[in-house]
Number of protein chains: 2
Amino acid sequence: MTTPTCIALPKICFERGFLADRAKLVRDVVIPYQWEALNDRIPGAERSGTVHNFQVAAGEKKGEFYGLWFQDSDLAKWLEAASFSLATHPDPKLDAEIDVVIETIAKAQESDGYLDTYIQLTAPDKKWTNLFEWHELYIAGHFIEAGVAHFEATGKRTLLDVVCKLADMIERVFGLGEDQNHGYPGHEEVELALVKLARVTGEKRYVQLAAYFINQRGSEPNYYEGEYVDHGLEKLPVYFYHNRWAYLQANKPVREESDPIGHSVRAVYLYTAMADLALELGDDSLREACNTLWKNLCKYHYYVTGAIGAEWNGEQFAGRYDLPNDRAYAESCAGIGLIFFARRMLDLELRGEYADVMERTLFNNVLAGMALDGTKFFYVNPLEVRPEEAKRRYDQKYVKTERVPWFGCACCPPNIARTLTSLGHYTHSVLDDGLAVHLYTDCSLETNVAGTKLSFAMKTDYPWDGKVSVEINPANATTFTLRLRLPGWCDSPTASVNGEPVDIAAHDRHGYLHLDREWQAGDVVTLDFPMTVQRIRAHPHVYHDIGSVALQRGPLVLCVEEIDNGDQLGLLRLPKTAQFTERFDADLLDGTIVIEAEAERLKPVNDELYSSAEPEVTLTTIKALPYCLWNNRGEGEMRVWIRES
Amino acid sequence: MTTPTCIALPKICFERGFLADRAKLVRDVVIPYQWEALNDRIPGAERSGTVHNFQVAAGEKKGEFYGLWFQDSDLAKWLEAASFSLATHPDPKLDAEIDVVIETIAKAQESDGYLDTYIQLTAPDKKWTNLFEWHELYIAGHFIEAGVAHFEATGKRTLLDVVCKLADMIERVFGLGEDQNHGYPGHEEVELALVKLARVTGEKRYVQLAAYFINQRGSEPNYYEGEYVDHGLEKLPVYFYHNRWAYLQANKPVREESDPIGHSVRAVYLYTAMADLALELGDDSLREACNTLWKNLCKYHYYVTGAIGAEWNGEQFAGRYDLPNDRAYAESCAGIGLIFFARRMLDLELRGEYADVMERTLFNNVLAGMALDGTKFFYVNPLEVRPEEAKRRYDQKYVKTERVPWFGCACCPPNIARTLTSLGHYTHSVLDDGLAVHLYTDCSLETNVAGTKLSFAMKTDYPWDGKVSVEINPANATTFTLRLRLPGWCDSPTASVNGEPVDIAAHDRHGYLHLDREWQAGDVVTLDFPMTVQRIRAHPHVYHDIGSVALQRGPLVLCVEEIDNGDQLGLLRLPKTAQFTERFDADLLDGTIVIEAEAERLKPVNDELYSSAEPEVTLTTIKALPYCLWNNRGEGEMRVWIRES
């Protein structure tokens with residue numbers, strides 16, 4: 001299970017609504033589509049090689065390794081997503097396909113447990129020698145996650161046995177013993193996976209192995225300084241730039257980190273594992289480090305879409321308040337990692353701010369990563385795109401102006417798939433003394449609370465509408481605490497229990513409404529989080545956004561697109577007094593809210609590059625739609641931050 | 001001579017004033033300092049190797065080549081600057097030093113005329129095989145310019161003979177003949193130099209050789225496609241990015257170019273030669289191409305400081321209106337090249353717009369390249385610097401936050417030196433029927449006009465004050481046209497002749513006041529170009545500058561610096577109604593105008609990264625100084641464009 005408080009996926013059901021539709025899309029389209037991609041059967045997509053490499057390593061076919069050196073992880077993430085899907089929606093054909101590929105993986109695994117087709121097929125004598133660049137431990141982590149998910153979904157130990165053997169090998173190889181490798185992963189991931197493995201197998205030693213990696217990281221003498229010299233590297237790759245080992249979060253011990261730094265996916269995978277270990281081991285110094293990193297991440301380093309990783313060179317964190325919109329990296333995977341981190345922080349302490357970020361990042365950054373038809377993806381999710389400029393400028397070279405069918409480095413699509421197929425892990429926490437609701441979406445679930453079987457149903461049109469109705473049906477009248485998140489974006493929430501208004505302020509604990517009472521079958525809690533268009537302003541030290549506003553309605557950040565507003569979106573200005581109208585257009589983009597307002601457009605008064613002339617101001621209307629739906633109607637300009645006048 | 005209308009340098013004298021002070025600094029400090037740098041005698045400066053390489057090639061010492069492959073050109077540019085200096089300020093010691101190094105150069109030259117110490121010392125069998133990357137023709141061009149300047153200054157043919165021999169070899173090697181190399185320079189420069197050589201030697205064949213290079217450039221089949229294949233290059237260097245051979249202005253014939261493109265120094269050196277040839281050969285298609293390139297450069301591609309080359313990756317032109325301030329390349333050398341181009345355009349047609357650009361670029365972009373003490377230089381001249389960000393961000397890696405003593409690639413410092421020592425070439429044109437004044441600065445000159453000896457003296461405190469008094473003393477009363485530039489920045493110029501007001505509009509011909517009369521000894525023309533602080537606004541398609549103003553007073557663009565205004569300069573706002581006060585502070589930065597105004601400063605109201613809060617507006621004053629003087633008081637933030645409220 002992802003964390004100890006996660007509900008088991010088969011126990012929760014998402015049948016209708018915005019997130020359910022996307023989860024269904026993943027099951028029906030994305031998982032089969034990605035299987036084709038991993039098998040190199042998508043015309044026009046970049047070559048993957050993933051399944052091929054395993055078949056070659058397994059001796060099932062002749063051939064050479066192709067694709068990137070960490071390609072194995074794509075299969076692992078797909079297996080995890082497909083397993084999550086099987087957990088909620090049994091599918092004998094998919095189940096059988098998975099069995100076949102697991103057999104191949106098991107055959108590819110060496111007798112000592114080693115598994116990494118890139119090394120096996122291209123450099124078999126170089127195992128564990130280049131932790132800095134190669135991704136053996138990262139890949140192992142993803143396979144461990146997949147093995148756990150597959151076991152939990154199907155009860156089969158086929159993949160779990162493979163990954164236990166792999167983890168056991170890693171345990172033998174790495175550690176502080178004289179004959180052991182004193183290194184740790186160049187790309188974090190295995191740490192959080194080992195915690196999951198420990199939870200599912202009950203083997204605490206996997207937690208200890210994760211703790212070794214975390215504690216060893218950034219210690220002196222620096223492992224990477226030695227490895228780097230061994231490889232005869234004269235200088236580090238350009239994406240290291242000034243950061244040196246901080247690029248890998250390995251410049252100092254993790255407990256001494258204050259601002260998130262370096263490659264953003266690596267960073268949040270690390271922080272996730274740190275939070276896991278803080279919980280598992282009751283380690284207060286790790287908890288404190290997580291709190292500090294969280295606080296500084298939210299204070300200085302994330303976009304209004306919930307994206308992180310502002311620096312395009314090396315897909316990493318930038319400096320404080322340095323959040324360029326057009327050169328943003330804002331990788332889908334980094335957003336997913338932030339969701340992981342947030343979910344763990346909720347287990348350390350139930351605070352609305354963690355769920356607020358989880359919601360913001362999921363509904364905006366992550367969902368934008370996938371086309372409405374489920375077959376095209378963004379890796380990079382900037383907040384401003386001008387196609388001509390993005391195609392020309394070197395510092396926007398990672399910006400795609402349209403989603404693409406697949407990537408040579410295809411980490412993001414399967415990551416989105418595994419997140420949406422495990423939605424239940426993020427929506428609720430099952431606690432000793434009750435249940436907590438983090439994300440609002442139509443669903444029904446069954447669980448045990450305070451020793452009683454509870455069935456729980458939530459009806460809502462969230463994120464389009466903020467009204468939520470919760471029906472609580474314990475098998476017997478039972479006292480427990482229902483904790484309902486009060487979304488940070490909502491200024492005036494209201495709630496009632498069986499029609500009786502609840503005093504929100506009196507029951508608000510760190511952003512969760514605590515309803516502690518004896519619950520009877522048929523009790524109904526209604527919530528209302530009124531959704532109006534809000535003008536969000538960035539801290540003025542974010543120079544890129546000075547004088548501009550982002551529009552947000554409920555959890556959805558809005559954007560303007562060329563197709564609705566003409567080109568040169570930077571010339572639009574929203575008067576401070578402009579009123580918004582809103583309507584739901586069921587025919588547009590599978591149904592979306594449409595926001596309109598009277599606005600201004602700057603118009604050049606001459607064609608001089610420099611003059612004393614002020615631009616003319618003409619009247620226009622602007623039309624804004626949810627950012628997560630952008631670029632589903634062809635290529636064009638897009639902009640989140642709109643100038644205000 | 002630079003162009004046919006240039007006044008000979010010994011005939012013009014700059015004794016006092018802003019530009020004269022800088023020219024004196026170059027003579028007294030920069031030229032000796034650079035001589036030390038070229039000889040590797042500056043502690044802490046990057047190693048040059050330039051003189052060393054010639055001494056080794058000449059057999060005067062043992063050793064190996066070091067430095068960059070085009071380092072020879074630094075010596076050539078220094079020789080040119082030093083020769084210009086000798087022309088106006090004879091200096092036996094300098095003269096003798098130059099003689100010694102010319103002797104070394106002559107010894108280093110091979111018997112067939114070849115001269116390039118990098119190739120001679122490292123790859124003697126590879127001559128002319130890599131025009132794409134190596135800079136043999138570029139270096140030849142700079143030596144030719146130096147040879148011309150040295151001959152004109154001293155009457156000695158020592159260096160001129162060397163460069164004629166070199167040019168003759170180039171003429172044998174390159175051309176359309178079957179046995180000839182059909183290539184042309186990867187870095188343009190030799191073309192404009194050959195025109196100068198033709199003018200000084202009277203050998204028209206050098207013009208033809210320049211014309212060959214210009215006409216051959218970008219023709220099909222593309223020479224570089226072939227050379228590139230020969231070198232087994234799999235892909236072009238990253239700075240080529242999408243541009244391919246357009247990076248070298250070699251993607252199509254020069255007459256088909258419309259927007260300036262590619263490496264900006266190469267581009268303007270090419271355009272300079274195109275204008276030279278349009279004049280020399282009466283080639284209307286070249287003239288038309290120059291007009292188009294000029295127009296589009298000014299309309300879309302230059303900064304308010306007169307800088308060009310907005311794209312940091314490859315120090316090249318960016319797209320239309322894409323003029324980022326913090327990531328600007330804005331190289332000093334490119335500004336100098338633009339001045340060259342503008343000066344030639346003035347010979348093709350006397351229009352104020354050319355001199356306006358020349359003045360803007362000289363007074364702002366180019367002068368900013370040199371510290372007030374003459375020993376430190378900028379290569380890159382951005383319009384916004386935040387030191388912490390510039391040191392951290394990869395896409396600002398070329399931005400230096402303080403001027404440096406020398407560069408590994410030291411093209412800019414000697415380029416600034418040779419420009420300031422040949423100031424007289426840019427200030428006036430001597431025409432068949434009179435004299436034209438392009439730049440206002442205190443000076444006196446002697447020339448022949450309409451068959452009469454004319455002595456001409458201009459008194460002014462320009463650029464601090466717009467009053468100019470011109471005394472005209474022809475040997476005999478003579479009819480000729482005095483053309484006085486009406487600066488484009490000035491809305492309300494006034495003029496009088498011997499106290500009689502001149503009707504400006506009636507005498508304005510394309511930005512020059514034409515005074516056509518019989519001039520008597522003692523005639524005085526007075527001009528007044530009132531200088532007030534002007535608010536300049538960029539075309540709104542320059543997104544980086546929307547809502548901001550640049551301040552300009554006379555020809556000087558102003559900036560704000562941290563030392564005067566505190567940090568976070570991006571939070572300053574200048575109300576539309578703010579009035580400017582100005583005073584001259586003789587003690588500050590060797591004397592400068594100081595502009596102050598009441599202004600606002602945005603102040604965060606909370607430390608949330610995103611909230612609905614608008615920043616507080618506090619009152620403050622801002623203090624602006626000329627951009628060309630920035631960073632003479634230590635490291636700190638700087639900003640040209642100031643938000644307007």
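Here is the naming used below: chain letters follow the sequence lines, and residue numbers restart at 1 for every chain.
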Worksheet, complete the sentence: Per-residue tally against chain B (heavy atom, under 4.5 Å) across E389(A), E614(A), H242(A) peaks at E614(A)
Worksheet item: Highest number of heavy-atom pairs under 4.5 Å with chain B: which of E608(A), R386(A), R320(A)?
Response: R386(A)
Worksheet item: Quick one: are L383(B) and T305(B) in side-chain contact, heavy atoms under 4.5 Å?
Response: yes
Worksheet item: Contact part of H301(B) toward chain A, heavy-atom cut-off under 4.5 Å: side chain, backbone, both or neither?
Response: backbone
Discussion item. I need the R360(B) CZ to N365(B) CG distance, nearest 0.5 Å.
Written reply: 11.5 Å
Response to the item:
So, the part of K576(B) with a heavy atom under 4.5 Å from chain A: the answer is side chain
Worksheet, complete the sentence: Most heavy-atom pairs under 4.5 Å with chain B, out of L571(A), V549(A), V605(A), N243(A), belong to L571(A)
Response to the item:
Max heavy-atom pairs within cutoff under 4.5 Å with chain B, candidates Y321(A), Y302(A), W489(A), goes to Y302(A)
Worksheet item: Do you know which of D322(A), L323(A), L602(A) has the most heavy-atom pairs under 4.5 Å to chain B?
Response: D322(A)
Fill in: Which atoms of Y241(B) approach chain A - backbone, side chain, both or neither, heavy atom under 4.5 Å
side chain
Discussion item. Less than 4.5 Å to any heavy atom of chain A: does that hold for the side chain of E384(B), its backbone, both, or neither?
Written reply: side chain
Worksheet, complete the sentence: Looking only at I536(A), I546(A), V542(A), the option with the highest number of non-hydrogen pairs under 4.5 Å against chain B is I546(A)
Worksheet item: Do you know which of K299(B), R535(B), Q534(B) has the most heavy-atom pairs with chain A at a distance under 4.5 angstrom?
Response: K299(B)
Worksheet item: With a 4.5 angstrom heavy-atom cut-off, which part of R537(A) approaches chain B: side chain, backbone, both or neither?
Response: both
